[in-house]
Amino acid sequence: TDEDFNELREVMAFLKDEMASDPRSLILNFPGVEYIGRYFHDPRQISIPCVVSQDRVYIDAYGNLLSGCLAMGTFGNISARPFDELQKDEKYIRAKKKMFYKNCPGCSCGYMFNIRSFPGLLIADLFSRALYRPTAHARK
C-alpha cells in the first residue's frame, strides 16, 4: 500500500543517515539501500547484472551440475561426463549468459554481491556518499 511504501522510504532514509554518520555501521552501501526500495516494484531489476550466477557452481549430492542460479536447473552429471566438459557444453554457456542478463526466473539471491561487483554502482555509491545530506529525522 502507499502507507507501506511511505514507511519503507522512512526506513531507507534512516539507513542512509546511519551510513552517512558511521560508514561501518551497516554492510549495505547506498545502491544496496536503493535496491531494497526498488525490489518491491521490480524484483528482477535487470539493470543490475547477475554476477553471482557467474561466480558460483554447484554440484549436488547426486553429481548434478547446477549453475549459480538454482532456478535454471541442471546441466548434466559429473558421473557421466567430466566437469570441464560439462562447463564447455553450449547449453551451459547459453544458460550462463541468460543468467548474467537476468533472462531467468529472477530472485534476490546474492544481490549485495551483484551490487558490489558492478562498476557503475560502485561509482554511484561514491558519489552518493559524497553528496548525501542527512534527512530531517537524523538531525533530531
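- Here the CG atom belonging to N77 is positioned 4.5 Å from the CG atom belonging to N64, to the nearest 0.5 angstrom.
- Listed by first then second residue, pairs satisfying salt bridge (Lys or Arg N to Asp or Glu O under 4.0 Å) with a partner in residues 59-81 read R81-E85, R81-D89, not counting sequence neighbours.
- The hydrophobic cluster around F83 extends to V57, I59, L65, M72, F75, I78, L86, Y92, M99, counting ILVMFWY residues whose side-chain heavy atoms fall within less than 4.5 Å of a member.
- Summarising the local packing, CD of E3 is surrounded by 12 or fewer heavy atoms from other residues, nucleotides or ligands at distances under 6.0 Å.
- Scanning all heavy atoms of the two residues, the minimum distance from R9 to N6 falls at NH2-OD1, 2.7 Å.
- Counting heavy atoms of neighbouring residues, nucleotides and ligands inside a 6.0 Å radius, atom CZ of F5 exceeds 12 of them.
- To the nearest 0.5 Å, atoms OG (S67) and NZ (K91) are separated by 10.5 Å.
- With values rounded to the nearest 0.5 angstrom, Q54 atom CD is found 10.5 Å from K97 atom NZ.
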